[in-house]
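Presented below is the structure to which this report refers.
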Protein chains: 2
Amino acid sequence: MKIMGSEPTAFWVALNLAYRSVHRDMEEALKQAGLPSLRWYDVLWELERAPDGMRPFELENDLLFEQSNLSRTLRRIVGEGLVEEFTYAADRRGKVLRITAKGRRLRKQMWAVYGPQIENKFGPLADTEDADKLIAILKSLIS
Amino acid sequence: MKIMGSEPTAFWVALNLAYRSVHRDMEEALKQAGLPSLRWYDVLWELERAPDGMRPFELENDLLFEQSNLSRTLRRIVGEGLVEEFTYAADRRGKVLRITAKGRRLRKQMWAVYGPQIENKFGPLADTEDADKLIAILKSLIS
DNA sequence: TTCATATAGATGTATTTTCATCTAATCTAT
DNA sequence: ATAGATTAGATGAAAATACATCTATATGAA
């Protein structure tokens, strides 16, 4: 019989705190620089890599967004002119999103802050061969 | 010069998605069972292990709570009779929190759902011979 | 075709979280 | 002792997120 303080719990607790700590610091750095949140970055970067645009529901899956949350986030992002919406001919319920030039510029500006943050936090670990193993494990947890 | 798709970024992306995916599922399971959120669990468990009670600011540090958020979360938790507040004689700005019998019962109920979730997700990994090393890496990210 | 079901996305409402600021108590240096 | 700075915690207002539901289109089986 497993007891509470066992290994799996320790792993989850560490994962939890690590994520939150890093996330908090990164949001802080972006805010400090007068830039939007990480969620916005994720959307912009995802769209920047999709030359033909993406559907909202694809973003939802890739980024683990709550549907209603994404819908409103997109409204704001589109409102800022960072992304454009087009009706999707093949399915008239849907739409297609494409990043704008302005969106690309902002994404790049954000990367200037975000990138170094990642480098600071994770650069030192990246050498460890254990890091690869950990990445694999982390990926396996995603459903 | 580092490019964007490099190792550290892969690590962070995996950490990010893993956390969110697991967290979402766990919250879902708790909600399904009509139980409060993980944040409440964290507070209750932390207090359960503190025989002499804890100060809010200690919880704030241990659980990476935003101060104002914790303040309100505590109001709700105390409102439900799960935790009691006492004035802290040695520093009259502060207070001491102690879990109640009701709080302990609820914490246990929650564990009946939460524990198995952890076991499901992380149990399989625990065999990894260097789980400890991976945990250490995660912990090293916490500031 | 037609009815039932499923999917894409929006939106009203409630809840949670953040941000900024406030009060009261404590601490520190003079 | 006292002025200034710091800390514990609360709170109004704003923003983000979640939940439930709704509309419109699409799909699939009879």
Side-chain angles (χ1 to χ4, degrees), chain A residues 16 19-21 23-43 47 53-80 83-98, chain B residues 16 19-21 23-43 47 53-80 83-98:
Chain A
N16 203 321
Y19 168 77
R20 294 233 296 262
S21 176
H23 181 259
R24 166 167 52 53
D25 292 352
M26 287 179 172
E27 291 285 16
E28 165 71 13
L30 287 170
K31 178 147 299 184
Q32 214 58 33
L35 294 166
S37 75
L38 282 181
R39 295 318 280 274
W40 284 40
Y41 183 89
D42 290 341
V43 168
L47 288 178
M54 283 180 85
R55 308 281 305 280
F57 77 91
E58 295 176 300
L59 240 38
E60 190 186 325
N61 293 334
D62 291 359
L63 302 178
L64 301 183
F65 248 103
E66 193 75 14
Q67 187 270 319
S68 67
N69 189 8
L70 175 59
S71 179
R72 280 171 162 121
T73 298
L74 285 174
R75 176 146 75 206
R76 293 171 211 135
I77 291 179
V78 169
E80 296 288 335
V83 166
E84 279 179 311
E85 295 174 338
F86 301 90
T87 57
Y88 181 53
D91 181 342
R92 285 168 39 223
R93 288 170 304 185
K95 52 186 183 181
V96 181
L97 304 166
R98 253 189 282 277
Chain B
N16 204 320
Y19 168 78
R20 292 234 295 262
S21 177
H23 180 259
R24 167 167 51 54
D25 291 352
M26 286 178 171
E27 290 285 15
E28 165 72 12
L30 287 169
K31 179 146 303 183
Q32 213 58 31
L35 294 166
S37 74
L38 282 182
R39 297 315 283 276
W40 283 41
Y41 184 89
D42 289 342
V43 169
L47 290 177
M54 284 181 84
R55 309 281 305 278
F57 77 91
E58 295 175 299
L59 280 176
E60 190 185 326
N61 294 333
D62 291 358
L63 303 178
L64 302 183
F65 249 102
E66 194 74 15
Q67 187 270 320
S68 65
N69 189 8
L70 175 60
S71 178
R72 280 170 163 122
T73 298
L74 284 174
R75 177 145 74 205
R76 294 170 210 134
I77 292 179
V78 169
E80 296 289 333
V83 167
E84 280 179 312
E85 296 175 337
F86 300 90
T87 58
Y88 181 54
D91 181 344
R92 282 167 42 226
R93 292 169 302 184
K95 53 185 180 180
V96 181
L97 305 166
R98 251 188 284 276

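A, B, ... follow the sequence lines: proteins, then strands. Residue 1 opens every chain.
Separating the CD atom of B/Glu28 from the C1' atom of D/dA20 is a distance of 14 Å, rounded to the nearest angstrom. In this structure, B/Arg20 places its CZ atom 15 Å from P of D/dA16, rounding to the nearest Å. One can place CZ of A/Arg24 at 14 Å from C1' of C/dT18, the figure rounded to the nearest angstrom. B/Asp42 has its CG atom 12 Å from the P atom of C/dT17, to the nearest Å. Atom NZ of A/Lys95 is separated from atom P of D/dA24 by 16 Å (rounded to the nearest Å). Remark: C1' of C/dA10 and CZ of A/Phe65 are 16 Å apart, rounded to the nearest angstrom. At whole-Å resolution of the value, CG in A/Leu38 and P in C/dT18 are 13 Å apart. At whole-Å resolution of the value, CE in B/Met26 and C1' in D/dA18 are 20 Å apart.
Both A/Ala89 and B/Lys31 lie near DNA chain D, and the one whose nearest nucleotide falls closer to the 5' end is B/Lys31. Where A/Pro56 and B/Arg92 each meet DNA chain C at their nearest nucleotide, the meeting point lying more 5' is that of A/Pro56.
For the residue pair B/Val96 and B/Arg55, the shortest heavy atom distance occurs at CG2-CD, 4.1 Å. Across all their heavy atoms, B/Arg39 and B/Leu64 have their closest contact at NH2-O, 3.7 Å. Across all their heavy atoms, B/Leu38 and B/Glu27 have their closest contact at N-OE1, 3.3 Å.
Checking side-chain atoms of A/Glu80 against main-chain N and O of A/Ile77 turns up no donor-acceptor pair under 3.5 Å. A donor-acceptor distance shorter than 3.5 angstrom exists from the side chain of A/Arg20 to the backbone of B/Leu63, with no hydrogens or angles considered. B/Ser71 contributes no side-chain N or O that, together with a main-chain N or O of B/Gln67, makes up a donor-acceptor pair within less than 3.5 Å.
With distances taken from any side-chain atom of A/Asp91 to the nucleotides C/dA10, D/dA10, D/dT25, the minimum falls on D/dT25.
Contacts classified as salt bridge (charged side-chain N to carboxylate O under 4.0 Å, His left out) and involving residues 83-94 of chain B (residues at least two apart or in different chains) are given here: B/Glu85-B/Lys95, B/Asp91-B/Arg93.
Donor-acceptor pairing under 3.5 Å, judged by distance alone, is present between the side chain of B/Arg93 and the base of D/dT7.
Applying a 4.0 Å cut-off to non-hydrogen atoms, the residues of residues 66-79 of chain A that approach DNA chain C are A/Gln67, A/Ser68, A/Ser71, A/Arg72, A/Arg75, listed by residue number.
Within the structure, every side-chain polar atom (N or O) of A/Arg55 is placed at least 4.0 Å from both OP1 and OP2 of C/dT7.
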